[in-house]
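Quick notes on the structure that follows.
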Amino acid sequence: MASSDDTGHSFGAYFKRATSPLVILALLSEKSMYAYELSSEMEKRSNGKFTISVIYPVLYRLEKLNYIASANTEVIDGRARIYYKITPSGKEYLIKCLGEFDEFSKVFNHLTEDVK
């Protein structure tokens, strides 16, 4: 069971919030996807452990930062699907952040190795 702090938020919730933009960018580096497809792929690859309940604010923020762009839109059963793709600056940002994440993970593991 995930522990939570005084606000009721678990470490997992904070972690997902912090890393969800990177997960989205990583998935989009493979191919263009629409929001529901991104959510489904996250859930599938993580065996249900990594989900984002509200994906659109993350997509809008990434688009505003020019890390993703609309690739195309198709209408299916009267509903528009906006496909997103990663931009070159999004790919650069992703690579930079994954390097930082790797470095911080190593430092964190070193700092907590006696606890495990």
Side-chain angles (χ1 to χ4, degrees):
M1 185 155 123
S3 63
S4 52
D5 61 20
D6 292 340
T7 64
H9 290 97
S10 69
F11 172 79
Y14 285 116
F15 182 80
K16 285 189 260 185
R17 194 172 316 126
T19 58
S20 60
L22 300 181
V23 172
I24 289 171
L25 290 173
L27 291 172
L28 292 177
S29 71
E30 297 173 8
K31 68 175 189 169
S32 296
M33 294 186 214
Y34 56 97
Y36 181 76
E37 185 179 14
L38 282 163
S39 293
S40 296
E41 195 63 25
M42 277 180 231
E43 188 171 358
K44 178 179 135 192
R45 291 188 191 191
S46 70
N47 293 320
K49 294 180 182 170
F50 199 106
T51 58
I52 302 172
S53 58
V54 189
I55 196 169
Y56 286 102
V58 181
L59 291 171
Y60 298 150
R61 188 170 68 245
L62 290 171
E63 194 169 28
K64 186 175 181 180
L65 292 167
N66 195 36
Y67 293 155
I68 64 171
S70 300
N72 66 321
T73 303
E74 63 181 26
V75 178
I76 298 176
D77 296 328
R79 297 179 65 181
R81 278 189 186 161
I82 300 171
Y83 285 81
Y84 296 94
K85 65 179 179 178
I86 193 168
T87 63
S89 60
K91 184 73 169 178
E92 284 179 34
Y93 176 74
L94 175 62
I95 291 168
K96 176 183 164 253
C97 288
L98 290 177
E100 290 177 4
F101 183 86
D102 186 48
E103 185 178 328
F104 280 118
S105 294
K106 288 175 186 172
V107 169
F108 180 81
N109 287 336
H110 178 69
L111 290 171
T112 60
E113 67 189 353
D114 291 338
V115 179
K116 298 175 186 173

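Heads up: numbering here begins at 1 and tracks the sequence.
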With a 4.0 Å cut-off on N to O distance, would you call E92 and K96 a salt bridge? no
What are the two closest non-hydrogen atoms of S29 and I86, and how far apart are they? CA-CG2, 3.8 Å
Any donor-acceptor pair under 3.5 Å linking the side chain of N109 with the backbone of S105? yes
If you take all heavy atoms of H110 and E113, which pair is closest and at what distance? O-CG, 3.3 Å
Co-membership, hydrophobic cluster, residues I82 and Y60, 4.5 Å side-chain: yes
Is Y67 linked to Y56 within one hydrophobic cluster, defined over Ile, Leu, Val, Met, Phe, Trp and Tyr using a side-chain heavy-atom separation of less than 4.5 Å? yes
Do other residues, nucleotides or ligands put more than 12 heavy atoms under 6.0 Å from K85 NZ? no
Atom CG in L27, atom OH in Y84: separation rounded to 0.5 Å? 14.5 Å
Apart from Y36 itself, its cluster of hydrophobic side chains linked below 4.5 Å comprises Y34, Y83
Please check if the side chain of S89 supplies one atom and the backbone of N66 the other of a donor-acceptor pair under 3.5 Å. yes
Set of residues satisfying side chain to side chain donor-acceptor pair (under 3.5 Å) with respect to S70, sequence neighbours excluded: E63
Strictly distance-based, threshold 3.5 Å: is any side-chain N or O of T87 a donor or acceptor partner for the main-chain N or O of G90? yes
The reported gap from CG in L38 to CD1 in I55 (rounded to nearest 0.5 angstrom) is 5.0 Å
Nearest-0.5 Å distance, CG of residue L28 to CG of residue L59: 7.5 Å
Do side-chain atoms of S40 reach the backbone of E37 as a donor and acceptor pair under 3.5 angstrom? no
Quick check for you: to the nearest 0.5 Å, what is the distance between F101 atom CZ and F108 atom CZ? 10.5 Å
Nearest-0.5 Å distance, OG of residue S20 to CZ of residue F50: 5.5 Å
Heavy-atom pair with the smallest gap, counting every atom of V54 and V58: O-CG2, 4.2 Å
Just wondering, more than 12 heavy atoms not from E103 lying within 6.0 Å of its CD? no
Nearest 0.5 angstrom please: I24 CD1 to M42 CE, how far? 4.5 Å
